[in-house]
Amino acid sequence: MNPSFWKGKKVFITGHTGFKGGWLSLWLQEMGAIVKGYSLSAPTIPSLFEEAKVGERMSNEEGDIRDFTHLRQVISEFKPEIVFHMAAQPLVRLSYEDPMETYSTNVMGTVYLLEAIKQVGGVKAVVNITSDKCYENREWVWGYREDEAMGGYDPYSNSKGCAELVASSYRQSFFNKDKYEEHGCALASVRAGNVIGGGDWADDRLIPDMLKAFSSSQAVEIRSPHAIRPWQHVLEPLSGYITIAEHLYEHGCDFAEGWNFGPKDEDAKPVEWIVNTLTSVWGDDASWFLSEGEHPHEAHYLKLDCSKAKMRLNWQPVWDLEHTLTKIVNWQKAWLNKQDMQQYTISEIKEYMTARAGNK
């Protein structure tokens, strides 16, 4: 990752008002990029976008990723060099309640974005962000590699597998390596694990649910204590997305493929471990209890193999899970104490950048 690379680069981000989009927007601003976001309004109240004043140093366009005419017009007028596609319906349980919304946003939204980029031209690098849940989950004990089959049991996971297939088709049909001199665009898809961090208020997610409960001195309800996930701080995969964007820009289609950005193997932990550790870090008599109701199917075990990113990009995770949980609690308590969350979040980004630079 080369921070100086980004100075003056024109970067377009879909879904910038979301949790990951907000962190990425602040990071790119801090490195000197000219950032424009395209998204619906912030998905939660409160939100990282509002609390950290993410939109202050960037251009913001409110729009639906499925509004092709509007999306194409915005891209045409802004003329980005690099695009990060994050706009999505990101919740598993909500996908059971509204599968049509999930598929139309996650699948057709990806089609509309890539088609707009194809028609407008001039974009050098596209990073399509999906999810580790895009893989056909066989409950293996080893990590999934980038060439494993796409799939997904629930509508959310399946829609992300579909989005990967869309990206693959566009890469072969319209952004083909053999015709790079004609189109000049390199497209990669990136998959991360369970991304956590300060400023996430999404419904029906473990860490946000716990912080909401603890902040109001309530016990938190846990539904799947033995499910194992690849937990990682939000800055970890974002550093991978930034790195792959740099490589696409500088080396073209040599890196235009799928990439995993997950945590260290030892940080694939069961929900119960997360709950007990976060409860301990929070203190103040924080507690939890097991839900007794029936719940929709969710994968029990999921892990990524990130060997390719380590070998070809020299990328690897920096912060371990205990440190990550401490950072999350500190962010939440800083917000509760009404600190300047833009500066607090930027300081956390700088701290991570220093740790990553020292990890090389």
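Given the structure is predicted, the values throughout are model-derived calculations rather than measurements. Excluded from the calculations below are hydrogen atoms, water molecules and symmetry mates; all remaining heavy atoms, backbone and side chain alike, are included.
- In the displayed structure, Asn337 atom CG is contacted under 6.0 Å by more than 12 heavy atoms of other residues, nucleotides or ligands.
- Heavy-atom contacts from other residues, nucleotides or ligands closer than 6.0 Å to CD of Glu266 number more than 12.
- Defined by atom type and a distance below 3.5 Å, a donor-acceptor pair is present between the side-chain atoms of Thr345 and Trp331.
- Gln29 and Ser25 share no donor-acceptor pair across their side chains, judged by distance under 3.5 Å alone.
- Clustering ILVMFWY residues whenever any of their side-chain heavy atoms sit less than 4.5 angstrom apart, transitively, puts Phe12 in a cluster other than the one holding Ile244.
- Ion pair Asp147/Arg145 not flagged as a salt bridge, since none of the NZ, NE, NH1 or NH2 atoms sits closer than 4.0 Å to an Asp/Glu carboxylate oxygen.
- Under the 4.5 Å side-chain heavy-atom criterion for ILVMFWY residues, a single connected hydrophobic cluster contains both Tyr38 and Val111.
- Side-chain contact check for Tyr144 and Asn137: at least one donor-acceptor pair (N or O, by modelled atom type) lies under 3.5 Å.
- The side chain to side chain donor-acceptor pair (under 3.5 Å) test with Thr130 is passed by exactly one of Lys160, Glu164, His85: Glu164.
- Salt bridge status for Arg72 with Glu115: absent, with no side-chain N to carboxylate O gap under 4.0 Å.
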From CA spacing to verdict: side-chain contact (heavy atoms from CB on, under 4.5 Å), Val74, Lys36: CA-CA 9 Å; Val74 172; Lys36 185 175 185 69; 3.4 Å; yes
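- Within 6.0 Å of atom CG in Leu336, more than 12 heavy atoms from other residues, nucleotides or ligands are found, so the atom counts as buried in its surroundings.
- Between Phe255 and His251, the ring planes are tilted. Angles from 30° to 60° get that label.
- Environment of NZ in Lys179: sparse, with no more than 12 heavy atoms of neighbouring residues, nucleotides or ligands closer than 6.0 Å.
- Across Leu114, Val126, Leu165, Ile117, a single residue satisfies side-chain contact (heavy atoms from CB on, under 4.5 Å) together with Tyr170, and that is Leu114.
- Residues Val234 and Val127 fall within the same hydrophobic cluster, defined by Ile, Leu, Val, Met, Phe, Trp and Tyr side chains chained together at heavy-atom separations under 4.5 Å.
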Worked verdict on Trp259 versus Arg191 for side-chain contact (heavy atoms from CB on, under 4.5 Å): CA-CA 6 Å; Trp259 297 87; Arg191 306 136 191 181; over 6 Å; no
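- Applying the side chain to side chain donor-acceptor pair (under 3.5 Å) test between Glu236 and each of Trp231, Trp315, Tyr352 identifies Tyr352 as the sole match.
- Atom OG1 of Thr17 and atom CG of Leu40 lie 7.0 Å apart (nearest 0.5 Å).
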Working for ring pair (Phe, Tyr, Trp, His ring centres under 6.0 Å), residues Trp201 and Trp335: CA-CA 12 Å; Trp201 280 280; Trp335 174 73; 4.8 Å; yes
Chi angles and distances behind the side-chain contact (heavy atoms from CB on, under 4.5 Å) call for Phe214, Gln332: CA-CA 10 Å; Phe214 295 167; Gln332 183 76 3; over 6 Å; no
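- Placement of Trp27 and Ile13 within a single hydrophobic cluster is found when ILVMFWY residues are connected by side-chain heavy-atom separations under 4.5 Å, directly or transitively.
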Trace of the side-chain contact (heavy atoms from CB on, under 4.5 Å) decision for Ile274 with Arg229: CA-CA 10 Å; Ile274 294 286; Arg229 299 284 186 272; over 6 Å; no
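- Lys20 and Tyr241 share a donor-acceptor pair across their side chains, judged by distance under 3.5 Å alone.
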